[in-house]
Amino acid sequence: MGRVVVIDHPLAQAILTALRDRNTKQIEFRKGLVRLGRLMGYEIVKSMDIETVEVETPLGVKAKGVRIRDLDHVVIIQVLRAAMPLVEGLVKIFANARMGVVSARRVEESHIPGSLDFDIEITYVKVPRIMEDDILIVADPMLATGSTITSVLKHVFKYGNPKRTIIVSVIATKYGIERVLREYSFAEIYTVAIDPEINEKGYIVPGLGDAGDRAFGGP
Ligand code: URA
């Protein structure tokens, strides 16, 4: 069922603070997103089903342990290009994940002054088949208006219906979260912060600026 998880781990919060800092340069910014991807992956694992198993150690003694069956059923979709470092971190946790990409662009000219919504142009979709026991993780570092993620989900669900749908965003807004949950009430949103505002250009405030430009260079 739909839910929002705000990761308040001090390490995640400290990394986010560095990402917000305008003085943080491109390489450090990208590294920060990778580290957050890994931490957010740990947090997702906490909600996965665990089964008890028994192994025999080199001492010939039995030891009880756990197996996380869901780890073999993860599909990660990255929204190009800003999600690339975040996914690099997620893959360190979900090493067996099947992966897909979606290229999405806000059509700036479609923006009506006073409105928060944008048209989204999807120019490339490559997604593996999604099975009913899969956990789908869609990574996009900034969940601002929800226009991009709802368009992406519409395309991704053409490839199948997963057991769970998790959106991984470093910063979200209440507006974006409500929009996603209105359209996809079962979605689970993992984020490190919920920021209060979206400005007239669609940027999250205080936010961290344009995540793609800061990670890869840009105007
Ligand atoms: N995308 C970004 O990169 N930054 C924002 O603030 C909003 C959307």
Side-chain angles (χ1 to χ4, degrees), residues 4-9 11-22 24-44 74-94 97 99-106 116 118 120 122 124 136-153 156 165-177 179-180 187-199 201-219:
V4 180
V5 178
V6 180
I7 299 165
D8 60 0
H9 192 289
L11 193 52
Q13 293 297 326
I15 297 168
L16 176 60
T17 306
L19 295 183
R20 288 190 191 275
D21 187 341
R22 68 186 312 162
T24 299
K25 300 268 186 307
Q26 185 174 329
I27 295 173
E28 285 313 310
F29 186 89
R30 223 165 39 224
K31 280 188 190 164
L33 279 180
V34 175
R35 293 173 72 204
L36 274 187
R38 189 183 330 195
L39 288 175
M40 295 179 89
Y42 281 135
E43 201 64 35
I44 291 168
V74 174
V75 175
I76 299 179
I77 306 297
Q78 53 182 321
V79 181
L80 296 176
R81 67 184 160 154
M84 286 167 65
L86 198 55
V87 168
E88 190 182 323
L90 285 167
V91 166
K92 293 188 196 299
I93 308 301
F94 306 114
M99 314 259 290
V101 295
V102 176
S103 178
R105 169 185 96 86
R106 272 180 176 176
L116 283 180
F118 288 82
I120 302 297
I122 305 272
Y124 183 69
L136 172 70
I137 298 176
V138 182
D140 191 5
M142 306 295 276
L143 172 54
T145 66
S147 302
T148 301
I149 209 79
T150 50
S151 302
V152 166
L153 286 176
V156 170
T165 299
I166 298 175
I167 293 161
V168 171
S169 289
V170 169
I171 305 181
T173 65
K174 194 162 169 280
Y175 181 91
I177 290 170
R179 168 129 185 237
V180 170
E188 301 166 60
I189 298 166
Y190 280 67
T191 189
V192 185
I194 300 177
D195 276 9
E197 279 177 49
I198 303 172
N199 71 13
K201 292 198 165 138
Y203 282 96
I204 297 177
V205 182
L208 49 70
D210 186 304
D213 287 351
R214 293 200 59 199
F216 297 108

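We number each residue from 1, following the sequence as shown. Worth knowing before you read on, the calculation uses all heavy atoms, side chains too, and leaves out hydrogens, waters and symmetry mates.
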Student: Say whether, by atom type as modelled, one donor and one acceptor occur between the side chain of T24 and the main chain of L19 under 3.5 angstrom.
Tutor: no

Student: Does any part of the side chain of E188, heavy atoms only, come nearer than 4.5 Å to the side chain of V5, both counted from C-beta?
Tutor: no

Student: So does A144 get a backbone contact from the side chain of T173, meaning a donor-acceptor N/O pair under 3.5 Å?
Tutor: yes

Student: Looking only at heavy atoms, what is the nearest atom pair of I122 and S151, with distance?
Tutor: CD1-CB, 4.1 Å

Student: Indicate the atoms forming the closest heavy-atom contact of P206 with P196, along with that distance.
Tutor: CD-CD, 3.8 Å

Student: Checking S103 against R81: is there a side-chain donor and acceptor pair closer than 3.5 Å?
Tutor: no

Student: Quick one: list whatever passes side chain to side chain contact (heavy atoms under 4.5 Å, CB included) with I93, sequence neighbours left out.
Tutor: R38, Y42, V45

Student: Would you say T191's side chain and S169's backbone share a donor-acceptor pair under 3.5 angstrom?
Tutor: yes

Student: Under the 3.5 angstrom rule, does the side chain of R105 hit a backbone N or O of I120 as a donor-acceptor pair?
Tutor: no

Student: Do V79 and T148 touch side chain to side chain, with heavy atoms closer than 4.5 Å?
Tutor: yes

Student: With distance as the sole test, does D210 use its side chain to make a donor-acceptor pair with the main-chain N or O of G212 at under 3.5 Å?
Tutor: yes

Student: Ignoring hydrogens and angles, tell me if any N or O in the side chain of Q13 forms a donor-acceptor pair with the backbone of I7 under 3.5 Å.
Tutor: yes

Student: Please report the closest heavy-atom contact between L143 and I204, naming both atoms and the distance.
Tutor: O-CD1, 3.7 Å

Student: So I137 and I77, do their side chains get closer than 4.5 Å, heavy atoms only?
Tutor: no

Student: Between S147 and R179, does the side chain to side chain donor-acceptor pair (under 3.5 Å) criterion hold? Intermediate values first, please.
Tutor: CA-CA 8 Å; S147 302; R179 168 129 185 237; 3.0 Å; yes

Student: For the residue pair V152 and V138, establish whether any side-chain heavy-atom pair is separated by less than 4.5 Å.
Tutor: yes

